[in-house]
Amino acid sequence: VYLVESGGGSVQAGGSLRLSCAASGSTWNMWNTYCMGWFRQAPGKEREWVTYIDSDGDSRYADSVRGRFTIFQGNDKNTLYLQMNSLKPEDTAVYYCAADPGYCTRAFGYFGQGTQVTVSS
């Protein structure tokens with residue numbers, strides 16, 4: 001499973017960014033039931049779960065981003081998005097796309113390389 005993130009960058013507080021994740025690979029193509037999600041890791045902190053969505057379209061969010069971030073998929077299952085609005089300096093982190101077969105838990109076996117998001121005050 002190959003996951004490639006894009007869309008990170010620098011933005012002022014209150015601004016918006018949209019991250020994308022392109023999924024591919026023979027193993028990925030075999031999954032009919034799957035979970036995709038986003039994690040983030042700020043400097044000096046552990047990686048934390050942000051949100052996930054399952055193959056039925058059900059999603060969950062961490063309390064810190066609920067109401068500001070939206071996870072969704074493209075018209076096919078191969079692209080995942082994270083729309084981030086009302087960004088805060090504390091959202092600054094490397095954001096990682098994640099995927100796993102089956103129904104969602106917060107344990108994922110596959111991660112992308114990450115994309116940097118920097119929010120300035």
Side-chain angles (χ1 to χ4, degrees):
V1 177
Y2 302 98
L3 303 171
V4 180
E5 303 95 336
S6 60
S10 298
V11 64
Q12 289 191 326
S16 299
L17 281 174
R18 178 178 291 185
L19 305 183
S20 301
C21 172
S24 63
S26 56
T27 299
W28 165 254
N29 291 335
M30 291 190 294
W31 296 352
N32 292 319
T33 303
Y34 57 87
C35 184
M36 295 192 79
W38 292 93
F39 286 71
R40 67 186 182 185
Q41 187 167 19
K45 295 187 177 181
E46 294 187 352
R47 185 166 60 187
E48 65 172 352
W49 170 77
V50 175
T51 178
Y52 61 53
I53 187 168
D54 67 22
S55 45
D56 292 330
D58 293 329
S59 59
R60 297 289 186 272
Y61 297 90
D63 289 345
S64 58
V65 305
R66 187 177 297 113
R68 300 188 297 121
F69 290 11
T70 303
I71 187 171
F72 61 100
Q73 288 191 279
N75 291 332
D76 59 38
K77 75 171 192 176
N78 297 325
T79 307
L80 180 72
Y81 299 96
L82 181 65
Q83 178 66 42
M84 305 185 294
N85 297 330
S86 302
L87 282 161
K88 303 176 181 180
E90 51 263 44
D91 295 318
T92 295
V94 177
Y95 283 71
Y96 298 90
C97 177
D100 213 59
Y103 291 103
C104 286
T105 67
R106 296 187 188 183
F108 286 80
Y110 299 89
F111 288 86
Q113 83 289 349
T115 186
Q116 177 71 46
V117 171
T118 302
V119 184
S120 58
S121 57

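Everything numeric here is computed off the predicted structure, so don't read it as measured data.
- Of the possible donor and acceptor atoms, none in the side chain of T115 sits under 3.5 Å from a partner among the backbone N and O of S6.
- Sorted by first then second residue, the side-chain hydrogen bond (donor to acceptor under 3.5 Å, both in side chains) pairs that include residues 94-107, not counting sequence neighbours, are R40-Y95.
- Atom OG in S59 sits 14.0 Å away from atom CE in M36 (nearest 0.5 Å).
- With values rounded to the nearest 0.5 angstrom, T33 atom OG1 is found 9.0 Å from D54 atom CG.
- For the pairing with Y61, the side chain to side chain contact (heavy atoms under 4.5 Å, CB included) check across V50, T70, I53 returns one residue only, T70.
- Across all their heavy atoms, Y2 and G25 have their closest contact at CD1-CA, 4.0 Å.
- Centroid-to-centroid, the aromatic rings of F108 and W49 stay 6.0 Å apart or farther.
- Sequence neighbours left out, the pairs with a member in residues 42-121 that pass disulfide bond (SG atoms under 2.5 Å apart) are C21-C97, C35-C104.
- Contact between N85 and S16 at its shortest, heavy atoms only, is OD1-OG, 2.9 Å.
- For F69, there are no ring-ring contact (aromatic ring centres under 6.0 Å, His included) partners two or more places apart in sequence or in a different chain.
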If you apply the rule salt bridge (Lys or Arg N to Asp or Glu O under 4.0 Å), what do you find for D91 with K88, and how did you get there? CA-CA 5 Å; D91 295 318; K88 303 176 181 180; over 6 Å; no
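- From T51, atom OG1 reaches atom CZ of R66 across 9.0 Å, with rounding to the nearest 0.5 Å.
- Residue R68 holds its CZ atom at 12.0 Å from CD of Q83, rounded to the nearest 0.5 Å.
- Of the candidates V94, L19, L82, V117 forms a side chain to side chain contact (heavy atoms under 4.5 Å, CB included) with just one, namely L19.
- The nearest pair of heavy atoms linking W38 to S20 is CH2-O, 3.7 Å.
- Closest approach of S121 and A13 over heavy atoms only: CA-CB, 4.3 Å.
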What's the verdict on side chain to side chain contact (heavy atoms under 4.5 Å, CB included) for L3 and W28, showing C-alpha distance, side-chain angles and the deciding distance? CA-CA 10 Å; L3 303 171; W28 165 254; 5.6 Å; no
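- In this structure, CG in L80 is found 6.0 Å from CD in Q73, a value given to the nearest 0.5 Å.
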